[in-house]
Amino acid sequence: MAHHHGPRKKTRYKFKKEIRRRGIPPVTSVIQKFEVGQKVHIVCEPSVHQGMPNRRFHGKTGTIVGQRGRAWLLQIRDGESTKTVIARPQHLKAQR
């Protein structure tokens, strides 16, 4: 049996949507605006492949550092180090 090494491996249950959320997301998720310093949650939208952060960051919370094109730059604590993650707004939710 061949092993796969793609970016979405081991995500069958992690990226699964609830039955009533299936399909393409609403336009409001694409046109979200964030402020620098704002806290956001990374919740990967499985129906949008572009701009999806790595699966290890799914469920984490980061701080907006800047913008790069349509995507946002996030600063995330990963153990002892700080990492910069690039994600499109479909995969981000503002912290309340």
Side-chain angles (χ1 to χ4, degrees):
M1 190 159 120
H3 295 286
H4 64 282
H5 303 285
R8 291 181 65 153
K9 70 177 183 180
K10 298 182 179 179
T11 60
R12 176 173 287 189
Y13 298 107
K14 186 179 270 199
F15 286 169
K16 191 174 177 184
K17 284 186 173 185
E18 296 158 14
I19 194 135
R20 294 190 182 275
R21 279 193 56 230
R22 288 192 185 165
I24 59 171
V27 176
T28 53
S29 69
V30 180
I31 59 173
Q32 293 183 89
K33 296 289 180 201
F34 301 106
E35 303 293 324
V36 174
Q38 185 178 354
K39 296 271 189 185
V40 292
H41 301 298
I42 298 176
V43 184
C44 293
E45 174 60 48
S47 64
V48 180
H49 301 178
Q50 285 190 327
M52 183 184 286
N54 192 286
R55 60 192 159 82
R56 84 167 71 94
F57 300 115
H58 180 76
K60 300 253 196 243
T61 303
T63 310
I64 298 283
V65 186
Q67 194 171 5
R68 185 175 292 183
R70 295 182 191 175
W72 295 92
L73 295 168
L74 308 166
Q75 206 82 48
I76 292 181
R77 295 281 300 153
D78 189 28
E80 299 265 327
S81 60
T82 307
K83 298 196 174 168
T84 303
V85 177
I86 302 170
R88 283 204 177 172
Q90 295 96 314
H91 309 289
L92 304 174
K93 289 191 176 156
Q95 188 180 42
R96 296 184 180 187

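Note that this is a predicted model, so its numbers are computed, not measured. Both backbone and side-chain heavy atoms feed into the values below; hydrogens, waters and symmetry mates do not. Each residue takes its place number in the sequence, starting with 1.
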Problem - Check: Lys17 side chain, Gly23 main-chain N or O, donor-acceptor pair, under 3.5 Å - result: yes
Practice task
Can you establish whether the number of heavy atoms outside Lys10 located under 6.0 Å from its atom NZ is more than 12?
Solution key: no
Exercise for the section: Would you confirm whether Lys14, through its side chain, and Arg55, through its main-chain N or O, come within 3.5 Å as a donor-acceptor pair? Expected result: yes
Problem - For Arg21, all residues meeting salt bridge (charged side-chain N to carboxylate O under 4.0 Å, His left out), sequence neighbours excluded - result: Glu45
Practice task
Tell me, please, which residues at least two apart from Arg68 pass side-chain contact (heavy atoms from CB on, under 4.5 Å).
Solution key: Leu73, Ile86
Handout entry: Counterpart residues, salt bridge (charged side-chain N to carboxylate O under 4.0 Å, His left out), relative to Lys16 (two or more places apart)
Key = none
Completion exercise
Residues joined to Met52 in its hydrophobic cluster, side chain to side chain under 4.5 Å directly or through other members, sorted by chain and number, are Phe15
Problem - Student check: side-chain heavy atoms of Pro46 and Arg8 closer than 4.5 Å - result: yes
Exercise for the section: With the side chain counted from C-beta on, respond yes when Arg77 and Lys60 share a heavy-atom pair under 4.5 Å apart, and no when they do not. Expected result: no
Problem - Reported NZ-to-CG distance for the pair Lys83 and Asp78, which is rounded to 0.5 angstrom - result: 4.0 Å
Problem - Student check: side-chain heavy atoms of Arg88 and Val48 closer than 4.5 Å - result: no
Handout entry: Nearest heavy atoms of Gln75 and Val65, plus distance in Å
Key = OE1-CG2, 3.3 Å
Problem - Check: Pro53 and His91 side chains under 4.5 Å, non-hydrogen atoms - result: yes
Handout entry: side chain to side chain donor-acceptor pair (under 3.5 Å) pairs, two or more places apart, involving residues 25-37
Key = none
Exercise for the section: Tell me who clusters with Ile76, hydrophobic residues only, linked when side chains sit under 4.5 Å apart either directly or through other members. Expected result: Phe34, Val40, Ile42, Phe57, Ile64, Trp72, Leu74, Val85, Leu92
